[in-house]
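Quick caveat: nothing in here was measured; it's all calculated off a predicted structure. All residue numbers refer to positions in the sequence shown, counting from 1.
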Amino acid sequence: MKVYLGGTFDPVHNGHTHLAQELVSHLNIDKLYLMPCYKAVHKAGVAASASQRIDMLEMAIKPFSNLLIDDREIKQGGPSYTYETLSSIRDEENEGGVSFVIGTDSLLSFATWFNANRIHGLANLIVIERPASSFNLSEDELVKKRTASIEKLKALGFSLLQDGEKLTEYRSGKVLVLKLSLYDISSTEIRSLVKKGKNITHLVGSDVAEFIQKHNLYQ
């Protein structure tokens with residue numbers, strides 16, 4: 001099974017690599033692909049260029065032999081639609097298992113995504129739970145929204161999988177919800193700290209921090 005973790009990675013930080021390592025361990029897989037988008041459809045524009053974000057990703061994953069970069073969305077250019085990306089991956093994998101990682105924020109909006117009703121035939125979804133504080137919601141409110149979103153996924157052709165160890169048995173169409181030890185850190189916060197002249201080495205590593213400073217990013 002191939003597992004893909006997408007994002008803008010603007011910039012990549014320790015939370016990304018930590019999450020990737022937890023996924024590798026939890027799912028018992030040999031490698032995981034980090035897939036930077038060229039232009040996110042549901043987010044504001046990125047600050048660093050595509051090549052700069054790739055350079056930072058390469059620096060960040062250097063210590064981890066089980067992390068790889070899939071740059072197909074960068075090469076494609078333009079807005080990145082998950083359906084089109086997964087279709088491209090499926091063309092390569094044929095009948096092999098493919099899983100795509102999303103957060104609770106993406107889960108809540110998934111039903112509105114381009115061709116959302118066709119994605120179940122392309123990949124499984126791994127949903128990483130995020131705390132209610134991330135959405136300015138109470139825990140009860142988030143649970144209700146999350147439950148409703150899972151029901152929408154079922155209406156779109158997915159089925160919920162309780163046992164994560166069995167995910168590798170499925171080509172596509174399953175949803176696995178995981179609660180992992182997320183870092184309380186975001187790329188938005190890092191960009192803000194850089195703008196204020198704060199040290200970010202402890203959040204992104206020395207190589208990425210030096211790259212950001214050298215190229216005057218996020219100023």
Side-chain angles (χ1 to χ4, degrees), residues 1-9 12 16-17 19-42 50-51 53-54 57-58 60-62 64-107 109-128 149-178 180:
M1 178 179 67
K2 285 192 173 182
V3 179
Y4 294 83
L5 173 60
T8 53
F9 301 107
V12 60
H16 293 130
T17 53
L19 171 60
Q21 288 300 305
E22 278 212 64
L23 283 166
V24 167
S25 175
H26 191 92
L27 299 172
N28 193 27
I29 54 178
D30 295 328
K31 54 193 174 185
L32 182 143
Y33 293 87
L34 299 177
M35 188 163 58
C37 68
Y38 182 81
K39 180 181 179 182
V41 177
H42 296 285
S51 62
R53 288 183 288 123
I54 288 287
L57 267 174
E58 289 175 345
I61 69 170
K62 196 171 182 179
F64 308 106
S65 59
N66 51 16
L67 300 186
L68 301 170
I69 298 172
D70 185 311
D71 62 354
R72 74 182 66 220
E73 291 190 345
I74 295 290
K75 289 179 177 177
Q76 171 190 309
S80 301
Y81 292 96
T82 299
Y83 169 76
E84 293 177 348
T85 297
L86 292 176
S87 293
S88 171
I89 292 171
R90 177 51 63 197
D91 287 343
E92 297 171 2
E93 293 305 311
N94 195 14
E95 293 303 313
V98 172
S99 292
F100 186 69
V101 182
I102 63 174
T104 304
D105 51 343
S106 294
L107 169 66
S109 65
F110 189 89
T112 68
W113 289 14
F114 175 66
N115 275 348
N117 62 324
R118 301 174 67 183
I119 293 177
H120 70 93
L122 302 174
N124 304 300
L125 294 180
I126 301 172
V127 180
I128 307 300
S149 296
I150 292 292
E151 290 304 310
K152 288 180 181 178
L153 286 184
K154 291 179 180 178
L156 290 171
F158 287 94
S159 59
L160 195 60
L161 185 65
Q162 301 293 345
D163 187 352
E165 294 183 358
K166 292 187 177 181
L167 185 64
T168 56
E169 300 175 11
Y170 295 94
R171 174 186 182 276
S172 64
K174 295 296 180 181
V175 178
L176 175 65
V177 180
L178 295 179
L180 303 178

Could you give the distance from [atom1] ([X]) to [atom2] ([Y]), rounded to the nearest 0.5 Å?
X: C37; Y: F9; atom1: SG; atom2: CZ; value: 8.5 Å
X: L34; Y: L57; atom1: CG; atom2: CG; value: 6.0 Å
X: L5; Y: L19; atom1: CG; atom2: CG; value: 5.5 Å
X: I102; Y: L153; atom1: CD1; atom2: CG; value: 6.5 Å
X: L86; Y: R118; atom1: CG; atom2: CZ; value: 12.5 Å

Review point. With distance as the sole criterion, is a donor-acceptor pair present between the side chains of N115 and E84 under 3.5 Å?
Key: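 No, no side-chain donor-acceptor pair sits under 3.5 Å.
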Requested in this report: Just grab all the salt bridge (charged side-chain N to carboxylate O under 4.0 Å, His left out) pairs involving residues 154-163, residues at least two apart or on different chains.
Outcome: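 Qualifying pairs: E151-K154.
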What pair of heavy atoms forms the shortest contact from [X] to [Y], and how long is it?
X: L167; Y: L176; answer: CD2-CD2, 4.1 Å
X: Y38; Y: E73; answer: CB-O, 3.3 Å
X: E95; Y: R90; answer: C-NH1, 3.9 Å
X: A60; Y: V12; answer: CB-CG1, 3.7 Å
X: Y83; Y: F114; answer: CB-O, 3.5 Å
X: P36; Y: R53; answer: CB-NH1, 4.3 Å

Under a 4.5 Å cut-off applied to non-hydrogen side-chain atoms, are [X] and [Y] in contact?
X: I89; Y: K2; answer: no
X: I150; Y: L107; answer: yes
X: F110; Y: L156; answer: yes

Contacts of type side-chain contact (heavy atoms from CB on, under 4.5 Å), residue [X], not counting sequence neighbours:
X: K152; result: A111
X: E169; result: K166
X: S88; result: R72, E92

Problem set entry | Derivation and outcome, side chain to side chain contact (heavy atoms under 4.5 Å, CB included), residues V3 and V101 | CA-CA 7 Å; V3 179; V101 182; 3.7 Å; yes
Exercise answer: donor-acceptor pairs, residues 119-128 side-chain atoms, under 3.5 Å, sequence neighbours excluded:
residue	atom	partner	partner atom	Å
H120	NE2	N117	O	3.4
N124	OD1	G173	N	3.3
N124	OD1	K174	N	3.0
N124	ND2	V98	O	3.4
N124	ND2	S99	OG	3.3
N124	ND2	Y170	O	3.1

Show which side-chain atoms of residues 22-33 pair as donor or acceptor with protein atoms under 3.5 Å away, not counting sequence neighbours.
residue	atom	partner	partner atom	Å
E22	OE2	H18	NE2	3.0
E22	OE2	S181	N	3.2
E22	OE2	S181	OG	2.3

